[in-house]
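Scroll down for the structure; my scribbles are underneath it.
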Amino acid sequence: QVQLVESGGGLVQAGGSLRLSCAASGRTFSSYAMGWFRQAPGKEREFVAAIIWSDSTTYYTDSVKGRFTISRDAAKNTVYLHMNSLKPEDTAVYYCAADDRNFGYIRTGSPAYWGQGTQVTVSS
């Protein structure tokens, strides 16, 4: 079994920054892609960003382009989400996701593995 453990959430003022981390552990895990989703109160979970493990190709939802950056540390099996210029509408529980099959499972919201989530709150 693979475990994904997120950290780095918290409360920040609008315009501020946070960095989320997600470490994968457990059985030998050869990730194809890892990513981040978020779910705001009363809304559906939405895709935020993803990174292909082999070549670091990245994908972002339009609302975070230019503000968020996803990166990875292969040696640590860890993915990061650097969030800058945060807005109140970024407030949500952020979930890490991983899949060892192909990117499509992450892009469609059906990854093999999910983290437990970390709260990000942006005050105005």
Side-chain angles (χ1 to χ4, degrees):
Q1 191 60 277
V2 173
Q3 293 83 40
L4 302 178
V5 179
E6 300 109 331
S7 61
L11 173 64
V12 64
Q13 288 188 333
S17 300
L18 281 175
R19 187 186 78 163
L20 305 183
S21 302
C22 173
S25 63
R27 65 168 176 83
T28 301
F29 178 61
S30 178
S31 176
Y32 183 88
M34 292 183 72
W36 292 91
F37 288 74
R38 66 186 180 186
Q39 187 167 20
K43 295 187 177 181
E44 293 187 353
R45 189 176 299 187
E46 65 170 350
F47 170 82
V48 176
I51 186 166
I52 305 299
W53 212 249
S54 60
D55 62 7
S56 295
T57 300
T58 57
Y59 301 86
Y60 298 93
T61 192
D62 287 345
S63 62
V64 308
K65 286 180 180 177
R67 300 188 299 123
F68 291 10
T69 302
I70 189 170
S71 64
R72 63 138 177 86
D73 184 331
K76 296 181 179 180
N77 255 0
T78 298
V79 66
Y80 303 98
L81 186 66
H82 306 261
M83 304 185 293
N84 297 318
S85 302
L86 283 161
K87 305 175 181 180
E89 50 264 43
D90 294 317
T91 295
V93 177
Y94 283 70
Y95 296 91
C96 178
D99 202 279
D100 49 8
R101 296 165 293 177
N102 65 64
F103 175 65
Y105 289 99
I106 285 186
R107 190 61 187 92
T108 57
S110 302
Y113 309 105
W114 287 103
Q116 81 285 357
T118 186
Q119 177 71 46
V120 172
T121 303
V122 184
S123 63
S124 58

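Sequential numbering from 1 along the given sequence is applied to the chain's residues.
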Roughly how far apart are [X] [atom1] and [Y] [atom2], rounded to 0.5 Å?
X: Leu20; Y: Phe68; atom1: CG; atom2: CZ; result: 8.0 Å
X: Trp114; Y: Arg45; atom1: CH2; atom2: CZ; result: 4.5 Å
X: Ser124; Y: Glu89; atom1: OG; atom2: CD; result: 10.0 Å
X: Arg101; Y: Ile106; atom1: CZ; atom2: CD1; result: 9.5 Å
X: Leu81; Y: Arg19; atom1: CG; atom2: CZ; result: 10.5 Å

Hydrophobic cluster identity match, Ile51 and Tyr113, side-chain contacts under 4.5 Å: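 Yes, because Ile51 and Tyr113 connect within a single hydrophobic cluster, where side-chain heavy atoms sit under 4.5 Å apart.
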Is any side-chain heavy atom of [Y] closer than 4.5 Å to one of [X]?
X: Val122; Y: Met83; value: no
X: Leu4; Y: Met34; value: yes
X: Val79; Y: Trp36; value: yes
X: Gln119; Y: Thr91; value: yes
X: Trp53; Y: Asp99; value: no
X: Tyr32; Y: Ile52; value: yes

Does any pair with a residue in residues 76-102 pass ring-ring contact (aromatic ring centres under 6.0 Å, His included), and if so which ones, sequence neighbours excluded?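 Non-adjacent pairs meeting ring-ring contact (aromatic ring centres under 6.0 Å, His included): zero.
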Taking all heavy atoms of Thr78 and all of Ser21, pick out the closest pair and write down the distance.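 The answer is CG2-CB, 4.5 Å.
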Where is the tightest heavy-atom contact between Tyr60 and Ala49, given as atom of each residue plus distance?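 Taking every non-hydrogen atom into account, CD2-CB, 3.6 Å.
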Considering residues at least two apart in sequence or located in another chain, which fulfil the ring-ring contact (aromatic ring centres under 6.0 Å, His included) criterion with Tyr59?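 Partners of Tyr59 under the ring-ring contact (aromatic ring centres under 6.0 Å, His included) test: Phe103.
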Looking at Arg67, I want to see if its CZ is surrounded by more than 12 non-hydrogen atoms of other residues, nucleotides or ligands under 6.0 Å.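 Check passes, neighbour count above 12.
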Between Glu6 and Gln116, is there a donor-acceptor pair closer than 3.5 Å when you use the side chain of the first and the backbone of the second?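 Yes, the answer is positive, given that a donor and an acceptor are paired below the 3.5 Å cut-off.
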Not counting sequence neighbours, which residues clear side chain to side chain donor-acceptor pair (under 3.5 Å) with Ser54? List them please.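 Counting only residues at least two positions away or on another chain, Ser54 forms no side chain to side chain donor-acceptor pair (under 3.5 Å).
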Pair Lys87 + Asp90: basic N to acidic O under 4.0 Å: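 Looking at Lys87 and Asp90, the cut-off is not met.
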Does the ring of Phe47 carry Arg107 above it, NZ/CZ under 6.0 angstrom from centre and within 45° of its axis?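 The answer is yes; both the distance and angle limits are met.
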